[in-house]
Amino acid sequence: MPELPEVEITRRHLEPVVRGARVGEVAVRRARALRLQPHPGDFAVRLQGRRVLALTRQGKYLLGDLGDGLTWVTHLGMSGRMSLAGREEPEAPHTAVVVSLEAGPQVRFVDPRTFGHTAVLTADELAAAGPARLGPDALDALPRSPVLVARLAGRRAPIKPLLLDQRLLAGLGNIYADEVLHRARVRPDRPAGSLNREEVAALRRAVRPVLEASLRRGGTSLADLAYLLPDGRAGGYLERLAVYGRAGEPCRRCGGAVERMVLRGRSAYFCSGCQR
DNA sequence: ACCTCCCTGGCC
DNA sequence: GGCCAGGGAGGT
């Protein structure tokens, strides 16, 4: 799934290509991909002919600055990817939006399960959209541990679903939440408020190494290959995952069997031998 | 703070 | 044929 590392890798690949480039033809293949655009017709009109001044990331959102207060916002959902392709290359199935760059390749938004979306928003529209509700970025603005202790104090909800709450920390999804908890030796079902200061500090300390290790390998492409780099290659972090998707296999740290439980309807993988 | 729903491909 | 994967919006 595209989580913070996959979105950041996508950004790093796209940024040198789109920055300063003028947008040519914009083709919408699947209207649903624009469902967060207040008036879907605005999308192509606002994008065409403009230059992308910068491409940034907040949590799992890609943000293209178009100037004049307009922002090209894209969320890859659970199966979305951005592909860079020449206009003569055939379009992959489930191509939702094709943005041609003048004197450059096409940027194609491909999304089989259609949970992703893209839009060009004014500052006011952006202030009411998803990115405005994000907490601090898990990579660029990770809060100090006392701040996290305060945010978790008294909360009885299990810690794992809280790590997925983008208002607490922006960028972690189901894979990296499990990986971070494993590295920090904290069980996913521990009531958040029961974590002591040392455990919260360990959790905080685990975030960056996990995300950066994934970044170095191009992110996690699962067996379905829904997530791919913009050049079509698969990310290689799958084989380095410590627990996610590894139920029954040996824990890389203690050798015990990785277990699976369901929290809030989502799988959580952990090792009861080394997570407390 | 919780639940439901959206959607498709892959697998049993 | 039915279930599972899952991020986030929207509703209660």
Query - Terminal axes of the helix from B:dA1-C:dT12 to B:dC12-C:dG1 (five pairs each): angle between them, nearest 10 degrees - result: 50°
Requested in this report: Flag the pair A:R12 and A:E8 as a salt bridge only when some basic side-chain nitrogen lies within less than 4.0 angstrom of an acidic carboxylate oxygen.
Outcome: yes
Query raised in the report: Touch check for A:R30, heavy atoms < 4.0 angstrom, all strands: base, sugar-phosphate only, or nothing?
Result: nothing
Query - Side-chain N,O (A:Q166) to OP1/OP2 (C:dG8) below 4.0 Å - result: yes
Requested in this report: Take atom NE2 of A:H94 and atom C1' of B:dT8, then tell me their distance rounded to the nearest Å.
Outcome: 6 Å
Report summary line: residues 161-199 of chain A vs ring-ring contact (aromatic ring centres under 6.0 Å, His included), sequence neighbours excluded, gives none
When the side chains of residues 148-164 of chain A are checked against the rest of the protein, which donor-acceptor pairs come out under 3.5 Å, sequence neighbours left out?
{"unit_1": "A:K160", "atom_1": "NZ", "unit_2": "A:N174", "atom_2": "OD1", "d": "2.7"}
{"unit_1": "A:K160", "atom_1": "NZ", "unit_2": "A:D178", "atom_2": "OD1", "d": "2.8"}
{"unit_1": "A:K160", "atom_1": "NZ", "unit_2": "A:S267", "atom_2": "O", "d": "3.0"}

Query - Atom-to-atom span, CZ of A:R32 to P of B:dC7 - whole angstrom - result: 5 Å
Report summary line: Excluding A:V262, membership of its hydrophobic cluster (Ile, Leu, Val, Met, Phe, Trp, Tyr; side-chain heavy atoms within less than 4.5 Å) reads none
Requested in this report: Specify the separation, in whole Å, of atom CG of A:L168 and atom P of C:dG7.
Outcome: 16 Å
Query - Sequence neighbours excluded, every pair satisfying ring-ring contact (aromatic ring centres under 6.0 Å, His included) that has a member inside residues 111-136 of chain A - result: A:H75-A:H117
Query raised in the report: How long is the line joining CG of A:L76 and C1' of B:dC6, in whole Å?
Result: 17 Å
Any N/O pairs under 3.5 Å between the protein and nucleotides 9-12 of chain C? List them or say none.
{"unit_1": "C:dA9", "atom_1": "OP1", "unit_2": "A:Y61", "atom_2": "OH", "d": "3.0"}
{"unit_1": "C:dA9", "atom_1": "OP2", "unit_2": "A:R133", "atom_2": "NH2", "d": "3.4"}

**Report entry** A:H75 NE2 - C:dG7 C1' separation (whole Å)
**Finding:** 6 Å
Query raised in the report: By centroid distance (under 5.5 Å) and plane angle (under 30°), are A:F115 and C:dG7 in a stacked arrangement?
Result: yes
Requested in this report: Send over the distance from A:R81 CZ to C:dG7 C1', rounded to a whole Å.
Outcome: 19 Å
Report task. Could you identify which residues cluster with A:V73, counting Ile, Leu, Val, Met, Phe, Trp and Tyr as linked when any side-chain heavy atoms lie under 4.5 Å apart, either directly or through a chain of such contacts? Result -> A:Y61, A:L63, A:L121, A:L126, A:L134
Please list, one pair per line, the donor and acceptor atoms closer than 3.5 Å that link side chains of residues 191-201 of chain A to other protein atoms, with sequence neighbours excluded.
{"unit_1": "A:S194", "atom_1": "OG", "unit_2": "A:R190", "atom_2": "NE", "d": "3.0"}
{"unit_1": "A:S194", "atom_1": "OG", "unit_2": "A:R190", "atom_2": "NH2", "d": "3.3"}
{"unit_1": "A:S194", "atom_1": "OG", "unit_2": "A:P191", "atom_2": "O", "d": "2.7"}
{"unit_1": "A:N196", "atom_1": "OD1", "unit_2": "A:E198", "atom_2": "N", "d": "3.0"}
{"unit_1": "A:N196", "atom_1": "OD1", "unit_2": "A:E199", "atom_2": "N", "d": "2.7"}
{"unit_1": "A:E199", "atom_1": "OE1", "unit_2": "A:R190", "atom_2": "NH2", "d": "2.9"}
{"unit_1": "A:E199", "atom_1": "OE1", "unit_2": "A:N196", "atom_2": "N", "d": "3.0"}
{"unit_1": "A:E199", "atom_1": "OE2", "unit_2": "A:R190", "atom_2": "NH1", "d": "3.1"}

**Report entry** ring-ring contact (aromatic ring centres under 6.0 Å, His included) partners of residues 257-276 of chain A, not counting sequence neighbours, each pair once
**Finding:** A:Y244-A:Y269
Query raised in the report: A:S267 near the nucleic acid: base, sugar-phosphate alone, or nothing, with a heavy-atom cut-off under 4.0 Å?
Result: sugar-phosphate
Close N or O pairs between protein and nucleotides 2-5 of chain B (under 3.5 Å):
{"unit_1": "B:dC2", "atom_1": "OP2", "unit_2": "A:R264", "atom_2": "NH2", "d": "2.6"}

Query - Qualifying salt bridge (charged side-chain N to carboxylate O under 4.0 Å, His left out) pairs, either residue in residues 114-140 of chain A, two or more places apart - result: A:R46-A:E125, A:R57-A:D137, A:R57-A:D140
Requested in this report: May I ask you to evaluate whether A:R155 reaches the phosphate of B:dA1, defined as a side-chain N or O under 4.0 Å from OP1 or OP2?
Outcome: yes
Report summary line: Rounded to whole Å, the CZ-C1' distance (A:R260 to C:dC3) equals 12 Å
Query - A:K60 NZ to C:dG8 C1', straight-line distance once rounded to whole Å - result: 9 Å
Query raised in the report: So, are A:D111 and A:R30 salt-bridged, with charged N and O less than 4.0 Å apart?
Result: no
Report summary line: Tested for side chain to side chain contact (heavy atoms under 4.5 Å, CB included) against A:V18, the lone hit among A:L55, A:V99, A:L53, A:V23 is A:L55
Query raised in the report: By salt bridge (charged side-chain N to carboxylate O under 4.0 Å, His left out), which residues pair with A:E239, not counting sequence neighbours?
Result: A:R217
